[in-house]
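Structure, as structure tokens:
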Amino acid sequence: MTAVTPAPPGIAVDPAPTGVVPPARPGGRSRLRTAAGFAFGAALLFAVAPLVLSDFRLSLLAKYLCVAMVAVGIGIAWGRGGMLTLGQGVFFGLGGYAMAMHLKLADAGPGGMPDFMQLYGQLDELPLWWRPFASPWFALPATVLLPMAVAFGLGSLVFRRRVRGAYFAILSQALAAAMVILLIGQQGTTGGTNGLTDIKGFFGYDLDDPVNQRMVYFIIAGTLLALLALTRQLIHSRYGEVLVAVRDGEERVRFLGYDPASVKLVAYVVAAGMAGLAGALFVPAVGIISPALIGIVPSIEFVIGVAVGGRATLLGPVLGAVAVAWARTTLSERFPGTWTYLQGLLFVVVVAFLPGGLASLWALARRRDGGAESRRRGWLPLGRRRVERTEVPAA
């Protein structure tokens, strides 16, 4: 038992003794607050946004929410696992191209070929590796499983060899560059630099119809909320605790009997699956997927959004990704020639003055209010005790 040091004369000690761990916050209150947060987010996305935004701005918000899905995965891999992933554009592109290939084949009709193949490739028949994507039962799972399979193969090789830190970041970035080169070089079958464009339908619905565009937005918003719920369950599970432990002390976790490579591999694969799903939903929201959307620069922008929002929190990556994407659109409209510098300045300011991202503003405000309240009441910290200034009575 920890001994309690008696307080000096004239100092009143708080009744809570030293060495006693404060009781944990009740789980019911935490669950209630989480449910209220999700209800508020659902009301904001499903009721407020469609009412106050025009069809054009709502389509932009759908695009931002797709970027936010990628950010949620990066928050797991980087924020919880310490893996700086600079190649999420690869998995975003794999999911996007898988969805776009199916939609292009659906627009071409049974036995038809996409228009760009006849223009660039001059092919007589559909390439063999395109044919499975004509079926939605293959294309839809492929948007998630294909990025996860690539991440599993790459992660198995990298993490088993204990590649981490800057080396892992550079390797993931090189993967994004290699994929862009591959797509551009196969112009006859991938569309080259133009990518897959002019996508008109989405499982029988005309994407030119504003009603159908709103339907796509609702699907994206609902998917984002579902991913946030799954992510919360993951990070509060035993696996989430082990993942943070691997980030903070990989060798210690290995000595405890866990395999850090397997722990990091799961996070990396889950983040890849989220990026692939985001890319698949990005295609009907925007109507295009191209190498310019999945290369090194977009991958870095994904990470910037997470850093600005706060990578160690649940909502921080979402808020940061939406804020950075909105700032990019707004600044490019008002300052076409200098918006990239303003975007970089935004990133530098946030990282320099808010290392925890925008999500840390609430914690800083609570800490400041708590300190002001303590000073007002005259309380001073002393270990785990609180002491109060009092006057020593005269002898």
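The first residue of the sequence shown is numbered 1, and numbering continues consecutively from there.
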**Item:** Distance-only donor-acceptor check, side chains Arg160 and Ser262, under 3.5 Å
**Value:** yes
Show the nearest heavy-atom pair for residues [X] and [Y], with the distance to one decimal.
| X | Y | value |
| --- | --- | --- |
| Leu61 | Ala49 | CD2-CB, 3.8 Å |
| Pro147 | Gly276 | CG-CA, 3.8 Å |
| Phe302 | Val70 | CD1-CG1, 3.8 Å |
| Ser290 | Thr193 | CB-O, 4.0 Å |
| Ala177 | Ile296 | CB-CD1, 3.7 Å |
| Ala100 | Ile199 | CB-CD1, 3.8 Å |

Quick one: does any side-chain atom of [X] pair with a main-chain N or O of [Y] as donor and acceptor, under 3.5 Å?
| X | Y | result |
| --- | --- | --- |
| Thr330 | Ala327 | no |
| Thr313 | Gly316 | yes |
| Arg247 | Gly79 | yes |
| Thr143 | Ala98 | no |
| Tyr205 | Val211 | no |
| Arg80 | Gly240 | no |
| Thr190 | Leu183 | yes |
| Tyr97 | Leu196 | no |
| Ser237 | Leu234 | yes |

Return yes when atom [atom1] of [X] has more than 12 non-hydrogen atoms of other residues, nucleotides or ligands closer than 6.0 Å, and no otherwise.
| X | atom1 | value |
| --- | --- | --- |
| Phe46 | CZ | yes |
| Tyr239 | OH | yes |
| Trp137 | CH2 | no |
| Arg131 | CZ | yes |
| Phe203 | CZ | yes |

Linked, directly or transitively: [X] and [Y] (ILVMFWY side chains, under 4.5 Å):
| X | Y | result |
| --- | --- | --- |
| Phe218 | Leu44 | yes |
| Val286 | Val297 | no |
| Met117 | Leu182 | no |
| Tyr167 | Met83 | yes |
| Leu227 | Phe38 | yes |

Spacing of [X] atom [atom1] and [Y] atom [atom2] [to the nearest 0.5 Å]:
| X | Y | atom1 | atom2 | result |
| --- | --- | --- | --- | --- |
| Met148 | Leu94 | CE | CG | 13.0 Å |
| Phe138 | Leu146 | CZ | CG | 7.5 Å |
| Leu314 | Thr34 | CG | OG1 | 8.5 Å |
| Leu140 | Phe133 | CG | CZ | 11.0 Å |
| Leu86 | Ser172 | CG | OG | 4.5 Å |
| Ser135 | Leu105 | OG | CG | 11.0 Å |

Tell me, do [X] and [Y] make a side-chain contact under 4.5 Å, heavy atoms counted?
| X | Y | result |
| --- | --- | --- |
| Gln88 | Met274 | no |
| Val216 | Asn212 | no |
| Phe92 | Pro298 | no |
| Pro260 | Arg162 | no |
| Ile289 | Ile294 | yes |
| Ile74 | Pro317 | no |
| Asp209 | Met215 | no |
| Thr231 | Val270 | no |

**Request:** Test Ile220 against Lys63 for side chain to side chain contact (heavy atoms under 4.5 Å, CB included), laying out the working first.
**Result:** CA-CA 9 Å; Ile220 293 173; Lys63 174 182 174 182; over 6 Å; no
**Prompt:** Would Val324 and Glu301 count as a side chain to side chain contact (heavy atoms under 4.5 Å, CB included) if you check the C-alpha gap in whole Å, the side-chain angles of each, and the deciding distance to 0.1 Å?
**Reply:** CA-CA 8 Å; Val324 170; Glu301 290 179 348; 5.7 Å; no
**Request:** Apply the test side chain to side chain contact (heavy atoms under 4.5 Å, CB included) to residues Val158 and Leu265: give CA-CA distance (whole Å), side-chain angles for both, the deciding distance (0.1 Å), then the verdict.
**Result:** CA-CA 9 Å; Val158 171; Leu265 180 61; over 6 Å; no
**Asked** With under 30° as parallel and over 60° as perpendicular, where do the rings of Phe116 and Trp130 fit, or are they tilted in between?
**Response** tilted
**Prompt:** Do Arg238 and Glu241 sit within salt-bridge range, that is, some charged N less than 4.0 Å from a carboxylate O?
**Reply:** no
**Request:** Salt-bridge test for Glu250 and Lys264: reply yes if a basic N is under 4.0 Å from a carboxylate O, no otherwise.
**Result:** yes
**Asked** In a check of side chain to side chain contact (heavy atoms under 4.5 Å, CB included) between Ile76 and each of Thr85, Leu243, Val266, which one passes?
**Response** Leu243
**Message:** Is the distance from the ring center of Tyr268 to that of Phe91 below 6.0 Å?
**Reply:** yes
**Request:** Evaluate the side chain to side chain contact (heavy atoms under 4.5 Å, CB included) criterion for residues Leu224 and Val72: first the C-alpha distance (whole Å), next the side-chain angles of each, then the deciding distance (0.1 Å), finally the verdict.
**Result:** CA-CA 9 Å; Leu224 176 60; Val72 173; 4.3 Å; yes
**Fill in**
The remaining residues in the hydrophobic cluster of Val349, counting side-chain heavy-atom contacts under 4.5 Å among Ile, Leu, Val, Met, Phe, Trp and Tyr, are Leu345, Phe353
